Amino acid sequence: MEPEAGHAYLMGVDLGKYEDFTVIAVVDADTKHLVAFDRFNQINWSLQEQRILNLADKYRPHILIDQGQVGDAILESLGGKYSDIEGVRFTNENKTQMINYLSNLIEKKEISYPEIPELIEELRIYEYEQLASGRLRMNAPSGRHDDCVISLALAAWGIHNENGLDFSFLGGIEPRAR
């Protein structure tokens with residue numbers, strides 16, 4: 001969808017290159033609808049960065065990017081070209097809370113998305129496992145992907161601005177004023 005004047009946008013980016021996919025999800029914070037989606041792999045980092053920047057230039061979103069593995073270098077590079085970006089280092093705890101938040105939004109029909117087969121399949125198969133410690137581990141089944149789910153969860157976290165939720169579990173990331 002084309003951006004609408006006066007609307008705020010949030011972008012979640014889950015990075016991958018070979019086996020995993022890079023997935024970019026852009027959510028309209030006002031309508032809570034997924035308005036842009038890009039999923040790809042097998043391309044070099046500079047091209048991935050350009051695809052992220054192309055969507056950023058179009059929607060002017062606040063970007064949250066998974067900082068795991070290669071995320072630091074990409075975040076640093078993108079940060080020099082786009083200022084409204086921050087990284088998230090996933091822990092078991094904050095990932096569980098983010099996925100639960102996304103799940104609640106979906107269950108309450110407070111977030112919507114088009115019929116994107118990869119996204120719908122990943123949401124359908126996403127699972128949790130209770131660890132001996134009593135904590136939950138959330139991810140895709142072995143051999144499957146969760147990149148779409150993670151990018152959507154990253155984009156969706158900003159919706160809390162309207163709901164007054166506490167997202168301090170993200171490790172110091174403060175809500176962006178709207």
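Please read these numbers as outputs of a predicted model, since none were measured by experiment.
For the residue pair A155 and G12, the shortest heavy atom distance occurs at CB-N, 3.5 Å. In this structure, A153 and I99 approach most closely via the heavy-atom pair CB-CD1, 4.0 Å. Listed here is the closest heavy atom pair of Y101 and A156: CE2-O, 3.5 Å.
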Exercise for the section: Test L105 against K32 for side-chain contact (heavy atoms from CB on, under 4.5 Å), laying out the working first. Expected result: CA-CA 9 Å; L105 289 176; K32 299 175 186 145; 5.5 Å; no
Exercise for the section: Please report the C-alpha distance between L78 and I65 in whole Å, then the side-chain angles of each, then the deciding distance to 0.1 Å, and finally whether the side-chain contact (heavy atoms from CB on, under 4.5 Å) criterion is met. Expected result: CA-CA 10 Å; L78 285 169; I65 189 167; 3.9 Å; yes
Exercise for the section: Check the pair L102, L152 against side-chain contact (heavy atoms from CB on, under 4.5 Å), reporting the backbone distance first and the verdict last. Expected result: CA-CA 8 Å; L102 176 61; L152 184 59; 3.9 Å; yes
Practice task
Test K95 against D146 for salt bridge (Lys or Arg N to Asp or Glu O under 4.0 Å), laying out the working first.
Solution key: CA-CA 12 Å; K95 183 177 179 182; D146 67 357; 3.7 Å; yes
Practice task
Mind running side-chain contact (heavy atoms from CB on, under 4.5 Å) on T31 and H7 for me, showing each step along the way?
Solution key: CA-CA 9 Å; T31 65; H7 284 227; 3.8 Å; yes
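Here N44 pairs with S46, L47 under the side-chain contact (heavy atoms from CB on, under 4.5 Å) rule; sequence neighbours left out. Qualifying side-chain contact (heavy atoms from CB on, under 4.5 Å) partners for N100, counting only residues two or more places apart in sequence or in other chains: T96, M138.
A salt bridge does not link D14 to R39: none of the charged nitrogens lies less than 4.0 Å from a carboxylate oxygen. The pair R144-E121 meets the salt-bridge criterion, with a side-chain N (NZ, NE, NH1 or NH2) lying under 4.0 Å from an Asp/Glu carboxylate O.
Side chain of D57 to main chain of N54: no donor-acceptor pair is present (N/O by atom type, distance under 3.5 Å, no hydrogens or angles). Under a 3.5 Å cut-off, the side chain of D20 and the backbone N or O of L15 do not form any donor-acceptor pair. With hydrogens and angles disregarded, a donor-acceptor distance shorter than 3.5 Å links the side chain of Q48 to the backbone of G16.
Other residues, nucleotides and ligands contribute over 12 non-hydrogen atoms within 6.0 Å of the CD atom of E129.
Between I120 atom CD1 and E115 atom CD the span is 4.0 Å, to the nearest 0.5 Å. Between atom CD of residue E49 and atom OG1 of residue T22 there is a gap of 11.5 Å, rounded to the nearest 0.5 Å. Between the CZ atom in F21 and the NE2 atom in H145 there is a gap of 5.0 Å [rounded to 0.5 Å]. With rounding to the nearest 0.5 angstrom, the CG atom of D147 is 11.5 Å from the CG atom of L119. Here the CD-CG distance, from E118 to L123, works out to 11.5 Å after rounding to the nearest 0.5 Å. Note that the CD1 atom of I85 and the CD1 atom of I52 stand 7.0 Å from one another [nearest 0.5 Å].
I125 and I116 fall into different hydrophobic clusters, defined by Ile, Leu, Val, Met, Phe, Trp and Tyr side-chain heavy atoms under 4.5 Å apart, directly or through other members. Both I43 and L55 are assigned to one and the same hydrophobic cluster, defined by single-linkage of ILVMFWY side chains at heavy-atom distances under 4.5 Å.
At least one side-chain heavy atom of C148 sits under 4.5 Å from a side-chain heavy atom of F37. Counting heavy atoms from C-beta outward, V23 and I150 have side chains that stay 4.5 Å or more apart. The side-chain heavy atoms of Y82 and I63, taken from C-beta on, include a pair separated by under 4.5 Å. Considering only heavy atoms from C-beta on, P114 comes within 4.5 Å of L34 through its side chain. The shortest distance between side-chain heavy atoms of R135 and Q130 does not fall below 4.5 Å. Within the 4.5 Å cutoff, no side-chain heavy atoms of Y9 are placed close to those of V27.
Between H33 and Y113, the distance separating the two ring centers is not shorter than 6.0 angstrom.
F40 carries R51 over the face of its six-membered ring, with the cationic atom under 6.0 Å from the centre and within 45° of the normal.
Side-chain contact of H62 with E86: a donor-acceptor pair under 3.5 Å is present, judged by distance alone.
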